[in-house]
Amino acid sequence: MNPTAEEPEAGTYSFADIEAKWLPVWEQLDTFKPVDDGSRERRYVLDMFPYPSGDLHMGHAEAFAMGDVVARYWRQLGYDVLHPIGWDSFGLPAENAAIKHNAHPSEWTYANIDTQAASFKRYAISADWSRRLQTSDPEYYRWTQWLFLRFFEKGLAYRKDHPVNWCPKDQTVLANEQVVNGACERCGSPVTKKSLNQWYFRITDYADRLLEDMEPLAGHWPERVLAMQRNWIGRSEGAHVTFAIEADGDLPRTDVTVFTTRPDTLHGATFFVVAADAELATELVTSEHASALAEYRESVNTLSDIERQSTEREKTGVFTGRYAVNPLNGEKLPVWAADYVLADYGTGAIIAVPAHDQRDLDFARAFDLPVRMVVDTGEDDPAATGKATTGEGTLVNSGELDGLPKEAAIQRAIELVAAQGTGERTVNYRLRDWLLSRQRFWGTPIPIIHCAACGEVPVPDEQLPVRLPSDLRGEDLAPKGTSPLAAATDWVNVRCPQCSGPAKRDTDTMDTFVDSSWYYLRFADPQSEDAPFDSAKVNEWLPVGQYVGGVEHAILHLLYSRFFTKVLFDLGLVNFTEPFSALLNQGQVLNGGKAMSKSLGNGVNLGEQLDRYGVDAIRLTMVFASPPEDDVDWADVSPSGSAKFLARAWRLGADVTSEPGVDAASGDRALRSVTHRTLADAADLVRNNKFNVVIAKVMELVNATRKAIDSGAGGADPAVREAAEVTAVILSLFAPYTAEDLWERLGHPASVAAAGWPAVDESLLVQDTVTAIVQVQGKVRDRLEVPADITEDALRELALGTAQVQRTLAGRDIRTVIVRAPKLVNIVPA
RNA sequence: GCCCCAGUAGCCCAAUGGCAGAGGCAGGAGACUUAAAAUCUUCACAGUGUGGGUUCGAGUCCCACCUGGGGCACCA
């Protein structure tokens, strides 16, 4: 069983021996494969599946330790627990490694997966290995493609020409969600704009539902994640107002609609701005100003997003030569083109009210445009101060809106434009459609064939998967600005499925977030060959009862997965609309207050930690260090302390001399009381994700048991056995090896993981006497030992009679006495 | 600028509105030991970021501010 280590000295805790001993036993028992027959209530625990970038690191160790606590707890409670594992195995690093080593990305990817799988097994994750999946397996991406085609049929996948975020280093486009502070999320290069014809998912159609359906998640998802999603969706209420742009020479009169959240300030509009990079700007500009606009656009395009987004930057823009007519007062407003107006938010055009919008005011001051105050907020005139006023106030200089407060004026203004037919109430979202094309190789090919005669033709379902060509490797995959797949001419050139004419495959691959948007569904039925999954099975297991992962996915992955689930609901494939009922974001593992990184040289190698302290000690340290959602600073924690505690707990096994199955009822009541209190508290604490406190409670239990053995009831007392067994069961959630070995030393067969959560004897939780606190005016003056079932009246009498109280009152009258029997009395003097 | 979260002992952290301390780390002392390690026992240390408020009673609830962390950001 243990080929390397020597027989340990009896009574000495050796994590290495224990690990070597139990791993093969567990493999045989296959304790964590759900029975999946409906005989037990089902529960689904899921950790965000890993990307196979080398071996597991400290972050994985933390996240998976957390998920495993929940999975193992539910298992102990008797639920049929689904706790699967898989890999998000498409992605750029594999491709970069392949280019560097003149290999195929699959070689690097699957080698890493094997390494990680072995590490996960050593780390004793309670997973069902039979459901393992990889998104880069053709058996998986076949169904990613199938789902794409269903989206396509519903009009939810479409192509358009659009300026997109372009990473010049990775030579690929990026979704908005992948641009962080104007830089590529992956490599940090400044992102630029490029106009390309790309595939999008129409996630904006679901903006409202994505927002509304968050309601029931409150309390089960971290508030900050919900807030971030809400922000990202960015719902804002306002109005569309249509302005007529006057004819100019050959240019006809035309209507342009703007979105505004402040229709009340329409009378304060002094100019009109269109996004410089929008089509609209080119359409509107007069020939006299066309070259200035072209020049301006040129200068804007060379700016990186980082420069562009700097709020310190001076406002820039050019006049278009045209004028817009304010529908409320008929005023003529000059139309400018500027880059501070975004082409893809709202309508790409705004009505500028400099008095009440800082950006408009900055622009007005830069170009000497008039400023007119229309809301009196009691502050100084923005024209003089340079500070726009945006708060509550009363309307002035606004015709019939005069005298109305802001909110009423907004409503009235909308009524006015609506009556004119020039405007209406509307809701606008910040959310954009999801750009999913990637000009990279190692991803799911987009199952579309482009035919000159038929257009975009879906690959017929029975021809799926469209497999990646296997003969491209090394330099073939280097970024060229077009997909590497384009070079595989044999692969690209096909017959059109509709007209059999010559046609070409789409050479882009999908964003890997598409792959990860449905993997949690596949886990319910991972071997399905005629559908992505069996809906009945998915409906039995999902939604996921507890999802665990890093907050870095607060927007991207979670928003996309929620979107997918809603679309699949609409397609009738699932009967729920939210995939994850509860979400836990574990914190980061830091070292010395900073994230571990190569450049800082503060990385801690997980494998070395496991070798040095053992799996259980590392798992315990991760969980004990702080509440799950807080960061763990490895410099602040003590894995050796954890190891010490585990040894201490394990040693209890040697001191229990009673036989298994002995009735605990006759055992030492004080210890039994601690044992059952611990059991009850632990259950509550696990439910509330306070894993660190559970461990503190087990430590207490171990201390109490130790004391009972050494200087109390003694090792033969049945209560000591009971305490040791409860210790093993609770520890099985955190330190599976130690718990298993302790369980064996207590005379039980494997596995403690399936031992079941012992029933709490409520009668042991009640104490005979309790210490009542006697306060005078909230300050503690005395303590009384009283029966636990003392009445309020009796306690009041008792408290009032104590010498301490009498002395403190010093003859003062009593206004009131608060009694919370049996724990507290508070006497309030007059 | 807007939005979230957090500030409790030297450190990590506990505390259904009711005795500020459960647990651990680091530290001191003792027992065992020829000695050390290991083990066991034991001790000390803060009044909860600041200022108000609500309450019989506030670490906990409310308001403002300070500090730290995170998110979004020319989003009309």
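Just so it is clear, the values below take in all heavy atoms, side chains as well, and ignore hydrogens, waters and symmetry mates. Residue numbering restarts at 1 for every chain, and letters A, B, ... go by the order of the sequence lines.
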| field | Nearest non-hydrogen partners of Ala276(A) and Ala281(A), listed with the distance | value |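 Looking at all heavy atoms of both residues, the shortest contact is O-CB, 3.7 Å.
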| request: Output all residues satisfying ring pair (Phe, Tyr, Trp, His ring centres under 6.0 Å) with Phe272(A), sequence neighbours left out; order by chain, then residue number. | output: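 Ring pair (Phe, Tyr, Trp, His ring centres under 6.0 Å) list for Phe272(A), sorted by chain: Phe243(A).
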| request: Using the test ring pair (Phe, Tyr, Trp, His ring centres under 6.0 Å), find all partners of His553(A) that sit at least two apart in sequence or belong to another chain. | output: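 In terms of ring pair (Phe, Tyr, Trp, His ring centres under 6.0 Å), with neighbours along the sequence ignored, His553(A) is linked to His557(A).
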Nearest to the side chain of [X], which nucleotide is it out of [options]?
X         : options                : value
Asn703(A) : C74(B), G24(B), G18(B) : G24(B)
Tyr340(A) : G24(B), C74(B), C13(B) : C74(B)
Met699(A) : C72(B), C25(B), G23(B) : G23(B)
Ile773(A) : G23(B), C19(B), C40(B) : C19(B)
Phe259(A) : A76(B), G24(B), G18(B) : A76(B)
Trp232(A) : A73(B), G18(B), C25(B) : A73(B)
Lys690(A) : A15(B), G57(B), C5(B)  : A15(B)
Arg820(A) : G23(B), G18(B), C5(B)  : G18(B)
Ile818(A) : C40(B), G23(B), G18(B) : G18(B)
Asp636(A) : A22(B), C4(B), C12(B)  : C12(B)

[X] has an atom [atom1]; how far is it from atom [atom2] of [N], in whole Å?
X         : N      : atom1 : atom2 : answer
Asp631(A) : C5(B)  : CG    : C1'   : 11 Å
Leu784(A) : C19(B) : CG    : P     : 15 Å
Arg430(A) : G71(B) : CZ    : P     : 14 Å
Asp684(A) : A14(B) : CG    : C1'   : 15 Å
Arg706(A) : A31(B) : CZ    : P     : 21 Å
Gln358(A) : A76(B) : CD    : C1'   : 13 Å
Glu700(A) : C13(B) : CD    : C1'   : 14 Å
Leu558(A) : G71(B) : CG    : P     : 15 Å

Would you indicate what [X] reaches in the nucleic acid, counting non-hydrogen atoms under 4.0 angstrom: base, sugar-phosphate, or nothing?
X         : value
Tyr429(A) : nothing
Gln775(A) : base
Asp362(A) : nothing
Ser642(A) : nothing
Lys387(A) : nothing
Pro627(A) : sugar-phosphate
Arg783(A) : base
Val637(A) : nothing
Thr260(A) : sugar-phosphate

Does [N] have its OP1 or OP2 closer than 4.0 Å to a side-chain nitrogen or oxygen of [X]?
X         : N      : answer
Arg651(A) : C40(B) : yes
Lys644(A) : G24(B) : no
Ser711(A) : U41(B) : no
Asn692(A) : A22(B) : no
Lys707(A) : U42(B) : yes
Lys697(A) : A14(B) : no
Arg230(A) : C72(B) : no

| message | Quick one about Arg648(A) and Asn703(A) (side-chain donor to acceptor, distance below 3.5 Å, no hydrogens or angles considered), yes or no? | response |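 There is such a pair between these side chains.
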Span that lies between the [atom1] atom of [M] and that of [N], in whole angstrom:
N      : M      : atom1 : answer
G17(B) : G53(B) : P     : 23 Å
A14(B) : G49(B) : P     : 14 Å
A44(B) : C25(B) : C1'   : 16 Å
G71(B) : C65(B) : C1'   : 22 Å

Please give the nucleotide sitting opposite [N] as a Watson-Crick or G-U wobble pair, both distances under 3.5 Å, or none.
N      : result
G1(B)  : C72(B)
G27(B) : C43(B)
A37(B) : none
U55(B) : none
U50(B) : A64(B)

| message | Taking the six-membered ring of Tyr340(A) as reference, does the cationic atom of Lys315(A) (NZ for Lys, CZ for Arg) lie under 6.0 Å from its centre and within 45° of its axis? | response | yes
| said: Test salt bridge (Lys or Arg N to Asp or Glu O under 4.0 Å) on Asp339(A) and Arg297(A); report intermediate values, then the result. | reply: CA-CA 8 Å; Asp339(A) 67 350; Arg297(A) 287 173 69 138; over 6 Å; no
| Which residue lies toward the 5' end of RNA chain B, Ile351(A) or Met228(A), if each is placed at its nearest nucleotide? | Met228(A)
| Whichever of Asp357(A) and Gln777(A) has its nearest RNA chain B nucleotide further upstream toward 5' |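 Its nearest nucleotide being more 5', the pick is Gln777(A).
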| message | Taking atom types as they are modelled, would you say the side chain of Arg224(A) forms a donor-acceptor pair with the base of C5(B) within the 3.5 Å cutoff? | response |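 When only heavy-atom distances are counted, Arg224(A) does not reach the base of C5(B) through any donor-acceptor pair under 3.5 Å.
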| message | On the side chain of Lys315(A), is there an atom forming a donor-acceptor pair with the base of C74(B) - under 3.5 Å, no angle test? | response | yes
| Counting only heavy atoms not in Lys823(A), do more than 12 fall under 6.0 Å of its NZ? | no
| Quick check: are there more than 12 heavy atoms from other residues, nucleotides or ligands sitting under 6.0 Å from CZ of Arg612(A)? | no
| message | Let's go through Thr204(A) and Tyr429(A) carefully: what are the C-alpha distance in whole Å and the side-chain angles of both, what is the deciding distance for side chain to side chain donor-acceptor pair (under 3.5 Å) to 0.1 Å, and is it a yes or a no? | response | CA-CA 8 Å; Thr204(A) 51; Tyr429(A) 296 93; over 6 Å; no
| Is the glycosidic torsion of G53(B) within 90° of 0, making it syn, or is it anti? | anti
| task | May I ask you to decide whether Arg619(A) forms a salt bridge with Asp616(A), counting only side-chain N to carboxylate O separations under 4.0 Å? | result | no
